[in-house]
Amino acid sequence: MDVSHILDSLNEEQRQAVAAPSRNLLVLAGAGSGKTRVLVHRIAWLMEIERLNPSSIMAVTFTNKAAREMRGRIEKLLDLPARGLWFGTFHGIAHRLLRSHWRDANLPENFQIIDSDDQLRLIKRVIRELNLDETKWPPRQAQSFINSNKDEGVRAEYIDDTSDIYMRTMKLVYKNYEEQCQRSGLVDFGELLLRSHEVWLNNPQLLAHYQERFRHILVDEFQDTNTVQYAWLRVLAGSRVPLTVVGDDDQSIYGWRGAKIENIQHFQNDFADTMQVKLERNYRSTSTILDAANGLIANNSGRLGKQLWTEENEGEPIDLYAAFNEQDEANYVADCINEWVKKGNQRTDVAILYRSNAQSRVIEDAFIRQQVPYRIYGGLRFYDRMEIRNALAYIRLVHYRHDDAAIERVINVPPRGIGNKTVSDLREHARLDSVTLWQACNEMIRLGSLKGRAANAVQKFIDLIESLADGANDLALHTLVEKVINESALKDFHGAEKGEKGQARVENLNELINATRDFEAEDDEMEPLAEFIAQAALDAGENQAEEHEDSVQMMTLHSAKGLEYPLVFMVGMEEGLFPHSRSSEEPGRIEEERRLCYVGITRAMEKLVMTHAETRRLYGQEKFHAISQFIREIPASLIQEVRLRNTVTRPVSFQRSGIDDWATGASSDAAFQLGQRVNHSLFGEGVVLNYEGQGPHARIQVNFDSEGSKWLVLSYAKLEAV
DNA sequence: CCCCTACTGATCCAC
DNA sequence: TCAGTAGGGG
């Protein structure tokens, strides 16, 4: 067997991973070390050398995008369609399983997936039905309670509610929500995983069937798996299906979303006979950038341990710019980019990374002023748009009348005279009779328990849905969707919104019709309509618009994971911003922030620029921020401090110590400490809240007992310590 | 039902 | 500060 096409283009470590014996394998893949390539070649190896049937290989990713990309690359490598391979996200695969075994899963045959928006509506409804005060028990909080418990594999019945009113209430909401979902055949994201896991646990023969079938399972981004996903894999793999997991503990940045870094840390203990391969050679960045990343991440504890290296040369030092404030910071970035473009470079090769979305505004302003074209990653994705979600709700109802989440959404959209009162009557009826809202609509009309106008309106709604559904099976998908959008009057409704908005919404609705026209059904066991609906729920679509102009890419550090850019700016490198103030509580959170910083640094290929602002307006208040501790953790020799006109290189530690002292209020020329009581000849006594600036321009904020808070120029204020 | 005002609260986000 | 939303009045 000729293996050259699989192994030739790989380095020694990659080859080891790809050609490892077919047993448990942990690949620790550093940033830019060719992770996807190893995964793709390993699959090819298993198929061609180990002679595994494609349908006996399962490859799991976290995003649909990653799954699509990998599938494409395999097809390219093998030069044939990867038919039969079980390829997809955890949720997609779980959905597929539940669909095949809906009876074992105790679900209706056409159960529907709800997203977090639908989920929130349902939870709101449950809270209202329980007569709980929504202000005391915010639905969002209940939602995250439910989801994090599902992520941990904990059902309502197992929640310990002894003594605590909070736990008691949350458990009650969780339990009622579960019942509500079960009654209307709705399954949320967490439920997909939890339920399919339970199906295996409860059906040994079914589990055995899959263990028989799968000869190898591969998992990407293993450091991002949560408790249920890990348990799911463990059950499925048992002791007979070998697992290849690929990941990087240093890039685990989703702990807040339930990911457990321990999963990758303990993998070798939990899965017998695991071989480990480290991919440490980096093909992306200069050695300066890698040394910075290595130096930073060395401050974390409990690492599996990796040291990135490259054969590339040093490249340029890392620039550090201390901006006066956030506007100055933004202008500096804009200037740098204009400079970069003037040298003949592309703007698409530049990324601005920030910790939180709110930071983008000031930068956008500067870019607009300086005419730097930019694009923001993230934001509303296609299937998250209101008009699209409304249209989908109608489509869902055409397919499955008992989808309560869909009815809740569109029963009065566009407005048709079914007011709050009527809807709550319907809910009440549904609750008392343990039926779905659709059944409640029909029953209440039949029983005549709705009065004239309301009865009419509800009847019209029922008729509308039925007429949309009439003959739906004979229509091409896009024809049906077009019909739904027109006859539900959604197009007119959204088109009537004022400003550009209406027009944009109509365009999006048309785009939805186009999307269904292009939609290719893949699963022949499923109606195309059902498949389209499931796909829309599980894949929110690309979150970026078309690529027109040559523009700078702006995004959060989180969404930068997996991407690379020749020139990278990391802005807002300040304590409180990054690391974020909310993560200083537990030590584990600060390590995750550090990993996030590591992810940011390793996005840069040629040049990295870090900036911080000495003062920044945050939540309406001008605040002083100390420079981020992460800057200090990068070897000083790699950093070059920059001033706008003249570039000076000087010891970083020197400059920084001054700033650090200033931040804590311990600087020698600042005679006052934060929190100290002072006296002013005019305003009386007060407490020092904040400082800004240095030297003769330094200002001080004092909260006076009688006058409230004021900013004073320190050198004029003549303050006395009390 | 719609618009205006008052109030709240504020990382990161795939499925 | 400002964006998003809940509730009241028209």
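In what follows, chains carry the letters A, B, and so on, assigned in the order in which the sequence lines appear, proteins first and then strands, with residues in each chain numbered from 1.
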When the distance from [atom1] of [X] to [atom2] of [N] is rounded to whole Å, what number comes out?
X	N	atom1	atom2	value
A:Leu563	B:dC13	CG	P	13 Å
A:Glu591	B:dC12	CD	C1'	18 Å
A:Tyr354	B:dT11	OH	P	14 Å
A:Asn147	B:dA14	CG	C1'	12 Å
A:Leu618	B:dT11	CG	C1'	11 Å
A:Tyr377	B:dA14	OH	P	13 Å
A:His91	B:dC13	NE2	C1'	12 Å
A:Asp118	B:dC15	CG	P	16 Å

Requested in this report: Could you please name the option among B:dC15, B:dA10, B:dC13 that lies closest to any side-chain atom of A:His558?
Outcome: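 Among B:dC15, B:dA10, B:dC13, the one nearest the side chain of A:His558 is B:dC13.
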
Query raised in the report: Which listed nucleotide (B:dC13, B:dC1, C:dT1) is nearest to the side chain of A:Pro415?
Result: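 Nearest nucleotide to the side chain: B:dC1.
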
Check whether any side-chain N or O of [X] sits under 4.0 Å from OP1 or OP2 of [N], and answer yes or no.
X	N	result
A:Asn357	B:dT11	no
A:Asn64	B:dC15	yes
A:Arg381	B:dC15	yes
A:Asn226	B:dA14	no
A:Thr556	B:dC13	yes

Report task. Give a yes or no on whether the backbone of A:Ile418 and the side-chain of A:Thr422 come within a donor-acceptor separation of less than 3.5 Å. Result ->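 No, the answer is negative, given that no donor and acceptor are paired below the 3.5 Å cut-off.
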
Which part of the nucleic acid does [X] contact within heavy-atom distance under 4.0 Å: base, sugar-phosphate only, or nothing?
X	result
A:Asn412	sugar-phosphate
A:Phe62	sugar-phosphate
A:Asp188	nothing

**Report entry** Residue closer to the 5' end of DNA chain B, A:Thr63 versus A:Gly620 (nearest nucleotide)
**Finding:**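 The residue whose closest nucleotide sits nearer the 5' end is A:Gly620.
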
Query - Along DNA chain B (nearest heavy atom to each residue), the more 5'-positioned of A:Ile253 and A:Ala537 - result: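 Per heavy-atom nearest nucleotide, the more 5' residue is A:Ile253.
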
**Report entry** Protein proximity profile, nucleotides 2-10 of chain C - base contact B, sugar-phosphate-only contact S, no contact -, cut-off 4.0 Å on heavy atoms
**Finding:** SS-------

Can [X] and [Y] be counted as an ion pair, charged N to O under 4.0 angstrom?
X	Y	value
A:Arg121	A:Asp404	no
A:Glu198	A:Arg155	yes
A:Arg73	A:Glu69	yes
A:Arg396	A:Asp403	yes

Query raised in the report: Would you call the rings of A:His558 and A:Tyr254 parallel, tilted or perpendicular if under 30° counts as parallel and over 60° as perpendicular?
Result: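 Answer is tilted, since the angle falls between 30° and 60°.
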
Query - A:His580 over B:dT11, stacked by centroid distance under 5.5 Å, angle under 30° - result: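 Yes.
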
Query - Test item: side-chain donor near acceptor, A:Thr615 and A:Glu622, under 3.5 Å - result: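 Yes, a side-chain donor-acceptor pair sits under 3.5 Å.
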
Query raised in the report: Taking the six-membered ring for Trp, is the centroid-to-centroid distance between A:His625 and A:Phe578 below 6.0 Å?
Result: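 So the answer is no for these two rings.
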
Query - Whole-Å P distance, C:dA3 and B:dC12 - result: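 Here C:dA3 and B:dC12 have their P atoms 15 Å from each other.
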
Query - Span that lies between the C1' atom of B:dT11 and that of C:dA6, in whole angstrom - result: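 One C1' to the other, the span is 25 Å.
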
Query raised in the report: For the side chain of A:Arg617 and the base of C:dT1, is some donor closer than 3.5 Å to an acceptor across the two?
Result: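 No.
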
Query raised in the report: Which pair of heavy atoms, one from A:Glu326 and one from A:Ala613, lies closest together, and at what distance?
Result: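 The pair with the smallest heavy-atom distance is N-CB, 3.9 Å.
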
